[in-house]
Amino acid sequence: MESLQRLSALIEKELDDLGFEVVKLDMASLGRRTVLRVFIDDPETGVTLEDCVKVTRVLGLALEGDDIMPGPYNLEVSSPGINRALSKPEHFIRFAGKEAKIDYSGEGGEKKTATGIIGAADGAGVTILRGSEEIRIGMSRIIRANLHGEKWEISKRENRKKD
C-alpha cells in the first residue's frame, strides 16, 4: 500500500509540474507484467495526443529513475474520454449540471446505481437529481462514477504545438 501511495504521489507531482491533473490511476496484472493506466486532463484546454505522448515520456523517465515499479510494466497514458471518470470532489463540482452515473454502496452495503444530473457537490458528497427526486451520496460510499450520456464532439481547439 505504501508503494502505491508513493507511486501516486510521484505521478501527481510530475503531472502537476507539466500542468495536468490526474483523473484516475489504474493498475492491473497482465500475466507477469503490470499495466499502469494514467488518465490525465487539463481542465482549461483538454488533452491532445501530443500531450499524452509528452506525459508518457516524462512519466516513463520518472518511474525508471525512481525504480518504483516492481518488475516489468506497460505505461498507458490517455485522456479521460467523453464518459470520464469522476474520482475527486472537484470533478463533481466542475461537472455540476452534467449527467452522471454513480455506482455506490447503500446503507446495508448493497451495490446501488444512480443516474441523473449532478446537483450540489462538496468534499462530503454529491447530490444527484432525477426529476423531482434528489439522491445524496457520501463520497466514501462511491464505488465508481462517470459522466454519462455525452455525445462526441470534435474539438476545434488549435493544436498547442508551438512553432
Side-chain angles (χ1 to χ4, degrees), residues 4-5 7-31 33-63 68-69 72-105 111-123 125-130 135 137-162:
L4 186 58
Q5 289 173 339
L7 175 65
S8 181
L10 173 71
I11 291 171
E12 287 198 24
K13 181 203 174 300
E14 293 294 331
L15 288 177
D16 190 50
D17 289 349
L18 293 171
F20 295 101
E21 75 164 318
V22 176
V23 173
K24 185 177 177 184
L25 289 177
D26 276 338
M27 276 182 49
S29 293
L30 192 61
R33 295 185 86 70
T34 299
V35 178
L36 174 60
R37 292 183 184 95
V38 182
F39 297 90
I40 64 171
D41 195 12
D42 181 328
E44 295 178 21
T45 62
V47 176
T48 66
L49 180 59
E50 290 82 14
D51 295 333
C52 292
V53 170
K54 179 170 77 172
V55 169
T56 299
R57 286 186 189 129
V58 170
L59 285 182
L61 290 171
L63 292 170
I68 198 167
M69 293 296 292
Y73 68 94
N74 290 350
L75 173 62
E76 298 176 3
V77 176
S78 69
S79 72
I82 59 170
N83 290 328
R84 68 169 282 147
L86 303 170
S87 57
K88 301 174 183 176
E90 298 83 32
H91 296 161
F92 291 98
I93 294 166
R94 183 182 333 145
F95 292 104
K98 298 281 189 182
E99 187 174 357
K101 178 179 178 185
I102 302 175
D103 293 331
Y104 65 101
S105 56
K111 182 180 172 189
K112 293 185 159 199
T113 300
T115 302
I117 304 299
I118 300 171
D122 54 35
V126 61
T127 300
I128 295 296
L129 310 172
R130 282 196 304 205
I135 303 168
I137 304 167
M139 289 292 172
S140 63
R141 293 183 25 216
I142 295 175
I143 299 167
R144 178 179 50 226
N146 296 80
L147 287 181
H148 184 71
E150 292 291 314
K151 293 186 173 41
W152 279 98
E153 289 183 24
I154 306 288
S155 173
K156 294 182 181 178
R157 180 172 68 92
E158 289 183 35
N159 191 338
R160 282 196 260 157
K161 216 178 215 181
K162 306 257 191 270

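Heavy atoms only: backbone and side chains are in, while hydrogens, waters and symmetry mates are out. Numbers for residues simply follow the sequence, beginning at 1. Everything numeric here is computed off the predicted structure, so don't read it as measured data.
- Sequence neighbours left out, the pairs with a member in residues 81-90 that pass salt bridge (Lys or Arg N to Asp or Glu O under 4.0 Å) are Asp41-Arg84.
- The two residues Ser79 and Phe39 have their closest heavy-atom pair at O-CD2, 3.6 Å.
- Taken to the nearest 0.5 Å, the CG atom of Leu86 stands 7.0 Å off from the CD1 atom of Ile102.
- Within the 4.5 Å cutoff, side-chain heavy atoms of Val77 are placed close to those of Leu75.
- The line from CD of Glu99 to CG of Leu147 is 9.5 Å long, rounded to the nearest 0.5 Å.
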Query raised in the report: Checking side-chain contact (heavy atoms from CB on, under 4.5 Å) for the pair Phe20/Val55: CA distance, chi angles, key distance, verdict?
Result: CA-CA 9 Å; Phe20 295 101; Val55 169; 3.8 Å; yes
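- Not one N or O on the side chain of Arg37 forms a donor-acceptor pair closer than 3.5 Å with the backbone of Asp26.
- Considering all non-hydrogen atoms of both residues, Met139 and Asp122 come closest at CE-O, 3.4 Å.
- For the atom pair Cys52 SG and Ile40 CD1, the distance stands at 4.5 Å (nearest 0.5 Å).
- Separation of atoms CD1 (Ile137) and OG1 (Thr127) is listed at 8.5 Å; rounding is to 0.5 Å.
- Under a 3.5 Å cut-off, the side chain of Asn146 and the backbone N or O of His148 do not form any donor-acceptor pair.
- By the 4.5 Å heavy-atom criterion applied to side chains, Lys111 and Ile143 are counted as neighbours.
- Under the 4.5 Å side-chain criterion, counting only non-hydrogen atoms from C-beta, Ile128 is not in contact with Ile117.
- Taking 4.5 Å as the limit, some side-chain heavy atom of Ile142 sits within range of a side-chain heavy atom of Phe92.
- The closest side-chain heavy-atom distance from Val38 to Glu76 is not below 4.5 Å.
- We find that Glu21 and Arg94 are joined by a salt bridge, their nearest charged nitrogen and carboxylate oxygen being less than 4.0 Å apart.
- Side chains of Thr34 and Asn74 form no contact here, defined as non-hydrogen atoms less than 4.5 Å apart.
- In this structure, Leu7 and Met27 have side chains that are in contact, with non-hydrogen atoms separated by less than 4.5 Å.
- The CG atom of Asp17 sits 12.0 Å away from the CD atom of Glu12 when rounded to the nearest 0.5 Å.
- Every residue two or more places apart in sequence or in another chain was checked for a salt bridge (Lys or Arg N to Asp or Glu O under 4.0 Å) with Asp16, and none qualifies.
- A donor-acceptor pair under 3.5 Å is absent between the side-chain atoms of Arg33 and the main chain of Pro72, judged by distance alone.
- The two residues Arg130 and Ile135 have their closest heavy-atom pair at NH2-CD1, 3.2 Å.
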Query raised in the report: Given Val23 and His91, is the side-chain contact (heavy atoms from CB on, under 4.5 Å) satisfied, shown in steps?
Result: CA-CA 8 Å; Val23 173; His91 296 161; 4.1 Å; yes
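- To the nearest 0.5 Å, atom CG of residue Leu10 and atom CE of residue Met69 are 11.0 Å apart.
- A donor-acceptor contact shorter than 3.5 Å is absent between the side chain of Ser87 and the backbone of Lys24.
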